[in-house]
There are 2 protein chains.
Amino acid sequence: MGTEPEVPANRAPTLTDVAKLAGVSVATASKAINGRDEVKAATRARVLKAAELLSFAPNALARALLGGRTGTVGLLTSDLEGRFSIPILMGAEDAFGAGQVSVFLCDARGDAIREAYHVRALLSRRVDGLIVVGSSTDPRPPLAGTVPVPVVYVYAPSADPADISITVDNVGGGRLAIDHLLACGRRDIAHVTGEPGFAAARDRAEGAAAALADAGLTMLGGRPYYGSWDETWGRAAAHIVVEQHPEVDAIFCGSDQIARGVLETLRDLGRDVPHAISVIGFDNWDAIAAHSRPRLTSIDMNLERLGAVAGRRLFAAIDGGEPPTSEQYPGRVVMRDSTAPAG
Amino acid sequence: MGTEPEVPANRAPTLTDVAKLAGVSVATASKAINGRDEVKAATRARVLKAAELLSFAPNALARALLGGRTGTVGLLTSDLEGRFSIPILMGAEDAFGAGQVSVFLCDARGDAIREAYHVRALLSRRVDGLIVVGSSTDPRPPLAGTVPVPVVYVYAPSADPADISITVDNVGGGRLAIDHLLACGRRDIAHVTGEPGFAAARDRAEGAAAALADAGLTMLGGRPYYGSWDETWGRAAAHIVVEQHPEVDAIFCGSDQIARGVLETLRDLGRDVPHAISVIGFDNWDAIAAHSRPRLTSIDMNLERLGAVAGRRLFAAIDGGEPPTSEQYPGRVVMRDSTAPAG
DNA sequence: CTGAAAGCGCTTACAG
DNA sequence: CTGAAAGCGCTTACAG
């Protein structure tokens, strides 16, 4: 009766517990566990064994209180479906190294108030930095108030050019798509895309037009067929294009969903895709692109890479070296069966 | 020379800074900020103004070090696309109250080692609890090792029945789908679903069979048409079903992707959906269901609700009241245009 | 090589 | 109503 258990049952073991068990001071226990070399090998072994026995996990909070670094980052998104955020999160996780840095994911749901709330919570948790993921490629207002930690904007750039933004080069992406169609020997190319109110639509169209111009060509109809981002528009647009331009031999679509609709109409009309008409989409959204008839060639925006770059840039900013600069990446063509040389 | 600035430029303001500016002790400042009532109104006002001036945000880490509660939760997933995790995360966020609790999202990518790594990191960050989201509805192994905080499994139950799991009632979901088709006056109903190796496929089929039996009916062909979860199988299966059972007047599909394929084939065959044949899917995956022809009626698993329940149960467990128990929810029918009374 | 002491930013009894 | 003091779990100079 009255004998104290060596390991208090009820709370997580602390360094003090470990030190006691190993018969050393907490200072020494700390050094042993953190791999400092001013500690005798035998002592270190003893401490490590004690820590093992207690399954001691150092309290990161206490550590952070000293060091000023929490190893924690906030990822703020408004991308309700996670279609963009998740790959970006994964890329960032990779850049940080699993377990080194943990990320708080907060969904602001497009609401500025909610966003401010989350930012406040994250700051009081002393995140080392913030990644802000937008849900469209349009510039978004910078975070409200002064944020005392580095911020990197991903996918949607900050409207403030002084902020650092890692974005998709949609102009380059548009070029890529057209260049691929040209490589397939296509010449009579239409561009069906989403709402012109979106920078993504305008930029991809711009890149497409430029690439065509470089080849001495212009878009069928002289301009993009703007509409909405979904299949319904894709279906309608395909009818329109084929009717107005029976010579069409390729269609570049601003999204995979549009492309999917285009594909369906071409199928209904009995047009041979990819040989008579080649079709390329944008997003490389597997659920959409991998099961269409035929399977859809598409531009992949490399979102994971975007996330990884954002993570690295954020790190650099946290470490306070050269302030990183904004960057753009054009993506890549993912070939499936909807594009091919004229056959 | 030598005059100290009131606000040190380089670091986040602390309670001490606030107290100094307000001309009170830190103890009093603390009480004022935390709304304790043992402080004079005028004093509180002074402190609050000082905090405002410095845009002071209390250091949650220091606070947590005292209280033992961090207001932080880990969400462990392997759902690469975030299709399930994101709604669940959002539900949990809602349950916690935005800003009250922040959640660490970690993706283990189906790798046990990586998962263990994340768990370790989360524990050293002293999360108050863990939510584990599986990527299929099959039971998953419980978290390795002893975890000193409450854990709630969502979507995929833990293989250990002693753990608490919040899951979709797939048997109930299957019933729901059939009941809806019966309500539309359908009698000759086929079930096309995914891989029989998945509990989700078997459970939904079981519920479907039971609902049919209750109505004195059996599935067309006497058993489900098992295959894979994608559109390709849906297209093939529809051909098979129509050929083997020309009398078919409804098809219950185990996923929206399968349903989408079924719809395409029925369209190719010139069958009138929803009047000649009604089709219902499962998942209510908007990108798939909202743009098919006709738009797809589907079972929604209410993942947000699942997340909200998980959050509340986790809270209850953290607060240490009654240990919560496992629960199942059947989902609901979302009507679109692919089901209707025979016309 | 080891340990006593100070301190990170906060809260909480406990005096006054 | 206010404040001095102790302490949460750790690390880091600084003596020894």
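By convention in this document, chain letters (A, B, ...) are assigned in the order of the sequence lines, proteins followed by strands, and residues within each chain are numbered from 1.
In terms of phosphate contacts, A:Asn34 brings a side-chain nitrogen or oxygen within less than 4.0 Å of OP1 or OP2 of D:dT11. Contact annotation: A:Arg63 does not reach the phosphate of D:dC10 (side-chain N/O to OP1 or OP2, under 4.0 Å). One finds a side-chain N or O of A:Arg36 lying less than 4.0 angstrom from the OP1 or OP2 phosphate oxygen of D:dT12. Neither OP1 nor OP2 of C:dG9 sits under 4.0 Å from any side-chain N or O of B:Thr14. At D:dA4, none of the side-chain N or O atoms of B:Ser25 fall inside 4.0 Å of OP1 or OP2 (strictly under the cut-off). Proximity of B:Ser30 to the phosphate of C:dT12: no side-chain N or O atom is located under 4.0 Å from OP1 or OP2.
Residues A:Tyr117 and A:Glu115 bring no donor and acceptor atom of their side chains to less than 3.5 Å of each other. B:Arg125 and A:Ser102 share a side-chain donor-acceptor pair at under 3.5 Å.
Looking at which nucleotide of DNA chain C each of B:Leu61 and B:Glu38 is closest to, the 5′-most match is held by B:Leu61. For A:Ala57 and B:Lys40, each mapped to the nucleotide of DNA chain D holding its nearest heavy atom, the one lying further toward the 5' end belongs to B:Lys40.
Rounded to an integer number of Å, the gap from B:Asp17 CG to C:dG9 C1' is 10 Å. Between B:Phe56 atom CZ and C:dG9 atom P the separation is 10 Å, expressed in whole Å. Atom CZ of B:Arg69 is separated from atom P of C:dT11 by 16 Å (rounded to the nearest Å). Per the geometry, CZ belonging to B:Arg46 stands 14 Å off C1' belonging to D:dG3, to the nearest Å. Rounded to whole angstrom, the span from the NZ atom of A:Lys31 across to the P atom of D:dC14 amounts to 13 Å. Residue B:Leu66 contributes atom CG, which lies 7 Å from atom P of C:dT12 at whole-angstrom precision. Residue B:Asp37 contributes atom CG, which lies 12 Å from atom P of D:dT2 at whole-angstrom precision. A straight line from CG of A:Asn59 to C1' of D:dG9 spans 6 Å, rounded to a whole angstrom.
Between B:Asp319 and B:Arg69, at least one side-chain N (NZ, or NE/NH1/NH2) sits under 4.0 Å from a carboxylate O, which counts as a salt bridge. A salt bridge does not link A:Asp94 with A:Arg305: none of the charged nitrogens is closer than 4.0 Å to a carboxylate oxygen. Remark: B:Arg109 engages A:Glu93 in a salt bridge, criterion side-chain N to carboxylate O under 4.0 Å.
Picking from D:dG3, C:dA4, D:dG9 the nucleotide with the shortest atom distance to the side chain of A:Ala27 gives C:dA4. When the nucleotides C:dG3, C:dT2, C:dC10 are ranked by their closest atom to the side chain of A:Thr43, C:dT2 comes out on top. Taking only side-chain atoms of B:Val39, from C-beta outward, the nucleotide of D:dT2, D:dT11, C:dG3 with the closest atom is D:dT2.
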Please walk me through it: do A:Thr77 and A:Asp79 pass side-chain hydrogen bond (donor to acceptor under 3.5 Å, both in side chains)? CA-CA 6 Å; A:Thr77 174; A:Asp79 168 24; 4.7 Å; no
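With a cut-off of 3.5 Å on both Watson-Crick or G-U wobble distances, the partner of D:dA4 is given as none. Across all strands shown, C:dA13 has no partner, as no Watson-Crick or G-U wobble contact with both distances under 3.5 Å is found.
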